[in-house]
Amino acid sequence: MPSVGPPQRPSLFVGGTWTSGSGGAVDVHNPFDGSVVATIDQAGPDDVIRAVAAARTAFDTGPWPTTPVAERAALLRRVAELLVRDKEEIARVETLDTGKTLKESRIDVDDVTAVFRYYADLADKEAGRIVDVGLAHVVSRVVPVPVGVCALITPWNYPLLQLSWKVAPCLAAGNTCVIKPSEVTPLTSIMLVHLLEEAGVPEGVVNLVLGDGPTVGAPLTEHDDVDMVSFTGGLATGQAIIRASATTVKRVAVELGGKNPNVVFADTPLDLAADWAITAAFLHSGQVCSAGARLIVEDALHDELVAEIARRAERIRLGNGLDPASECGPLVSAAQLAKIEDYVASALAEGARLVCGGRRPDDPALKDGFFYRPTVFADVTRDMRVVREETFGPILTVERFTTEDEAIALANDTHYGLAGAVWTADQARAHRVASALRHGTVWINDYHPYVPGAEWGGMGRSGNGRELGPTGLAEYQEHKHVWHNTAPEPAGWFEG
Ligand code: NAD
């Protein structure tokens, strides 16, 4: 049945049944005006135990891990069809939950659909391989097998998209899972689980628990029966998850934050550079892991570009994500707004020059939402907090360089390494700089695009895993070697 409206209670999904949790119920609020969008159940520790047990049983007793790959792929394709059917409603709920514009939510649902299709196609082609060991009586096969029970833990900024990057390859590979979306924006994850159920996912293969990190996320990462944790979120949480997983030696894939350089050489047309600088930095109010938050500009273009960016940033229309006239929605929460105000205060205290923004909007129509004006700081230095740390909001800092080497050194001067871009008309220089950047994704004369077939992930403290592409499937597989001696003879090692 097509989805109509935000999800209703009961909202946990355990062992093939929708159930309420022992953690009570909470309201989910619209960051635009604080209104209640939905009321949902919260899991308690006992629900986490039940969900893991259901996933364990479904993995150990099957049939999902041994279901022919073509059937698993067919289920993913059915989910893609249901996403197409429900696109408008899912996009609307994503906007109500996150505050992002409806235009962006619709793109997210299209991207999620493409991810399900991509992994359906890729799974179909999974073949393993034969290793020729040079012995006629031996067959040596390497076969991909599922890892087991996977905990999929996701952040609030791209709730549905981030979940799809995990759940589609996880299921394609034959695993079972327990999904734990962000407590801040859980609604479209609940909707996706409804679609997985409708598409016919067997009982216990997909389970959903809702709640915060300490109550629901942490027990998943410590549980003996969880074989893998795939996590997307902040650096500190990722570090805690790696530590928590050590006792049981789980496979851990973490996708963390970024402090992403956007390098602009002076031969880039001013209009193009300014347009893309604000798109890189202020899309979804900068709440994007790959946001181009550090603009690094060649001297000759610096002053003109800063002025043009300020002019454009001042004109960005903030508003209700459901209103087609809005170009940017609010920040997701009061906590996120407070964090941004703190970063602005610290930048000013450390001597950065405020070029524009630096305040909440005056428009009374926005007073109930968590809005903050797009903010640009120039004359920043590398040691400032606002330059070193991920602010995850609408703050752009601008640094300048003289030589190509200097540009590269600045761009790589971060503990993170998620994404970055270089803008220049000189194609040889573009490739030199792109090769030198220690970041998981590098765009040349572009910013933000990604495709399901190309790997996404970070270097350094931006993470240790890869999502999307063939590697995004391999994350959820063990590669098992089967050695078959068809004519065994005594070893003759010991005399007996
Ligand atoms: P967060 O780390 O606060 O929370 C992420 C998830 O982890 C939530 O579901 C949360 O409940 C859960 N969690 C919290 N503590 C936990 C614990 N101890 N054990 C297990 N789970 C726990 O991150 P956030 O604020 O939701 O998201 C923002 C961050 O996500 C930013 O740093 C952003 O860069 C990053 N991000 C990265 C990517 C990427 O592809 N690398 C994509 C999107 C977002």
Side-chain angles (χ1 to χ4, degrees), residues 23 26 42-43 45 48 97-98 100 108 111 115 151-166 178-186 189 208-223 226 229-246 250 252-260 283-293 331-340 343 389-393 414-420 439-441 448 450 454-469 472 475:
V26 293
Q42 298 287 279
V48 175
D97 204 1
T98 63
K100 68 174 67 176
D108 285 0
D111 287 354
V115 167
L152 311 180
I153 304 177
T154 51
W156 49 258
N157 61 332
Y158 284 88
L160 188 67
L161 188 75
Q162 295 301 332
L163 178 56
S164 75
W165 292 12
K166 299 184 190 306
V178 179
I179 296 168
K180 206 302 270 174
S182 168
E183 63 277 27
V184 183
T185 57
S189 299
L208 172 71
V209 287
L210 304 171
D212 65 20
T215 317
V216 181
L220 280 173
T221 66
E222 290 155 7
H223 201 298
V226 171
V229 179
S230 174
F231 167 78
T232 301
L235 173 59
T237 315
Q239 290 165 328
I241 286 176
I242 291 169
R243 279 193 293 271
S245 306
K250 296 185 198 321
V252 186
V254 295
E255 305 290 340
L256 309 175
K259 191 70 192 181
N260 312 291
L283 181 82
H284 191 16
S285 302
Q287 302 170 118
V288 182
C289 54
S290 52
L331 301 183
V332 76
S333 64
Q336 199 59 21
L337 178 60
K339 190 175 149 196
I340 295 309
Y343 272 113
E389 297 176 15
E390 181 187 50
T391 67
F392 218 54
T414 169
H415 290 308
Y416 290 112
L418 187 59
H439 296 269
T441 295
H448 281 318
Y450 75 93
E455 275 74 1
W456 176 270
M459 298 185 185
R461 293 185 199 169
S462 286
N464 63 8
R466 282 293 176 275
E467 300 199 294
L468 302 179
E475 292 271 22

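Both counts, for ligands and for their atoms, begin at 1 and track the order of listing.
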Trp165 versus ligand 1: do any nitrogen or oxygen atoms come within less than 3.5 Å of each other? no

Closest to atom 38 (C) of ligand 1 (heavy atoms only, candidates Gly440, Ala419, Cys289, Ser290) is Cys289

Looking only at N/O atoms, are Asp212 and ligand 1 under 3.5 Å apart anywhere? no

Give the atom numbers and elements of ligand 1 that come within less than 4.0 Å of a heavy atom of Gly234. 1 (P), 2 (O), 23 (O), 29 (C), 30 (O), 32 (O)

Under 4.0 angstrom from ligand 1, any heavy atom of Trp156? yes

Would Asn157 count as being in polar contact with ligand 1, using the rule that some N or O on each side must be under 3.5 angstrom apart? no

I need the atoms of ligand 1 closer than 4.0 Å to a non-hydrogen atom of Gly217, numbered in the order shown. 19 (N), 20 (C), 21 (N)

Of the listed options Leu468, Thr237, Ile241, Val184, closest to atom 1 (P) of ligand 1 (non-hydrogen atoms): Thr237

Check if Pro181 has a non-hydrogen atom at a distance under 4.0 Å from any atom of ligand 1. yes

Could you say whether the N/O atoms of Ile153 and ligand 1 ever approach to under 3.5 Å? no

Should you measure from each heavy atom of Thr232, which atoms of ligand 1 turn up under 4.0 Å away? 5 (C), 36 (N), 37 (C), 38 (C), 39 (C), 42 (C), 43 (C), 44 (C)

Quick check: Glu390 and ligand 1, any N/O pair under 3.5 Å apart? yes

